[in-house]
Every structure is written in structure tokens, then in C-alpha cells.
Amino acid sequence: MWKELARQAFPAVEFSEPVDAARVAAAEQCLGCPLPSELVSLFRETDGMVGHDGVDTVWPLEQIVEQNLHFWSDDAFGELYMPFDALLFFGDQGGGDQFAVVRTPSRADIFVWEHEDDSRRWVARDLEDYLGRSLTDGGDDWYR
């Protein structure tokens, strides 16, 4: 379903090998929280998606773990930004802004974190909507 949806929006989208249940479980253990069911479903088909201009529309699972652990634990961020604990980042637009689901409280909505001003803004109602919008438009500022 996810690969088909992505190809409809952007035929040149790139995929990786699927992720097995053991790797998902290990990632969830490292993160200390479950991944959203939509992301788990996507990972059963592909370990991330590369869209326009080589942008990681959806990061590989390992990158999701690394980036979120970094954002949740880096003390220097506490001096620069509002806390990231409620967000689970999963992709970016190539210029520093990142996309996330809200994990506390759990929601399907997708938000963008704009790194220049630390704003967090709604951009899509769920992962399917996010993929459709980001892969169809293709510009690095599709969400503005």
C-alpha cells in the first residue's frame, strides 16, 4: 500500500528493503515507546523513502532511533529550543526542518519543526496525507 501510494505521488521515489518485526521491536525498546502503527506498516514495505532531490521523506528506522534519542537527550538543545519529548521525528525536507508525529498524546497528525524559529506547525492529517503532499509537490517548502 505505502509503496503504491508513494509511486502515485512521485514515480521516481526510492525505497529500501523492508524491516522485520524484530528490528522494529528493537527500535521501540531503544526509544522506550512504541512506533506509530502507520510507520510500522510502512517499514514492513520499505526502510524509509527518498523523494525529490534525494530528500529523506521518511528516514530509515535506524536514523529515526538515532535522531530522536539525540533530540530527546541533548542538554544543549534545552537552552535553544522547547522540549522535543512529545515529538517523534521521522523525516525532513533537506534544509533542517523536520517532520514528526506527536507521541504524547498519541496522534496521527504530522507536524513540522522549523529549526530557524523553533516553531511546530500542523502540516498533514496522517502519514498517508503527508506522503501525498510532500511527494506530489516536491518543493522543499511544500508545507509552508
Side-chain angles (χ1 to χ4, degrees), residues 1-78 80-115 118-143:
M1 168 200 153
W2 296 106
K3 287 170 120 178
E4 181 180 321
L5 176 82
R7 280 193 189 108
Q8 287 174 357
F10 178 54
V13 64
E14 297 174 26
F15 305 107
S16 297
E17 292 298 314
V19 175
D20 64 26
R23 281 186 56 208
V24 170
E28 290 175 331
Q29 184 171 353
C30 285
L31 291 169
C33 66
L35 291 169
S37 60
E38 285 187 322
L39 273 177
V40 172
S41 174
L42 183 142
F43 285 126
R44 288 185 187 135
E45 294 184 35
T46 180
D47 189 10
M49 291 184 186
V50 178
H52 297 273
D53 302 318
V55 170
D56 287 321
T57 304
V58 177
W59 294 332
L61 181 59
E62 184 175 319
Q63 186 173 354
I64 288 175
V65 172
E66 289 172 4
Q67 290 296 318
N68 282 284
L69 291 178
H70 177 68
F71 273 81
W72 296 340
S73 65
D74 190 324
D75 291 336
F77 285 158
L80 298 171
Y81 306 115
M82 292 184 289
F84 295 108
D85 298 358
L87 301 175
L88 179 77
F89 293 108
F90 68 86
D92 62 68
Q93 55 62 276
D97 296 340
Q98 298 184 20
F99 300 98
V101 295
V102 177
R103 60 186 201 116
T104 309
S106 179
R107 304 172 53 170
D109 299 282
I110 307 298
F111 287 77
V112 62
W113 169 64
E114 297 186 69
H115 70 287
D118 193 29
S119 64
R120 294 109 196 266
R121 197 169 36 80
W122 182 94
V123 294
R125 69 182 171 273
D126 55 21
L127 187 59
E128 182 176 346
D129 187 33
Y130 164 78
L131 292 174
R133 291 172 187 245
S134 64
L135 291 172
T136 299
D137 184 4
D140 63 357
D141 62 349
W142 64 268
Y143 54 92

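For clarity, every value in this text was computed on a predicted model and none was experimentally measured.
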Output yes when a side-chain donor or acceptor of [X] lies under 3.5 Å from a complementary backbone atom of [Y], and no otherwise.
X	Y	answer
T46	P18	no
Q98	F89	no
D20	A22	yes
R103	D85	yes
R120	L87	no
D47	L61	yes
D56	V58	no
E14	V50	no
D74	H70	no
D97	Q93	no

Over all atoms of both residues, closest heavy-atom pair of [X] and [Y]:
X	Y	value
R107	V101	O-CB, 4.1 Å
G132	T136	O-OG1, 2.6 Å
I64	N68	O-ND2, 2.8 Å
C30	V65	CB-CG1, 3.9 Å
L135	G51	CD2-CA, 3.8 Å
L88	P36	CD2-CD, 3.5 Å

Answer whether the closest heavy-atom distance between the side chains of [X] and [Y] falls below 4.5 Å.
X	Y	value
D92	Q67	no
T57	L131	yes
L42	F90	no
E45	F15	no

Just wondering, more than 12 heavy atoms not from Q63 lying within 6.0 Å of its CD?
->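 Yes, because the 6.0 Å sphere around CD of Q63 holds more than 12 heavy atoms from other groups.
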Give, for atom [atom1] of [X] and atom [atom2] of [Y], the distance between the pair rounded to the nearest 0.5 Å.
X	Y	atom1	atom2	result
I110	D126	CD1	CG	7.0 Å
M1	R44	CE	CZ	12.0 Å
R23	E62	CZ	CD	7.0 Å
S16	F43	OG	CZ	10.0 Å
E38	E128	CD	CD	7.5 Å

Strictly under 6.0 Å, is that where the ring centroids of F71 and Y81 end up?
->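 Aromatic pair excluded; centres sit 6.0 Å or further apart.
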Between W59 and F99, ring centroids under 6.0 Å = no
Trace of the side chain to side chain donor-acceptor pair (under 3.5 Å) decision for D118 with W113 = CA-CA 6 Å; D118 193 29; W113 169 64; 2.7 Å; yes
Take L127 and L39 through the test side-chain contact (heavy atoms from CB on, under 4.5 Å) and record every step on the way to the result.
-> CA-CA 8 Å; L127 187 59; L39 273 177; 4.1 Å; yes
So among W142, W2, W122, Y143, which one has a ring pair (Phe, Tyr, Trp, His ring centres under 6.0 Å) with Y130?
->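 For Y130, the ring pair (Phe, Tyr, Trp, His ring centres under 6.0 Å) check succeeds only for W142.
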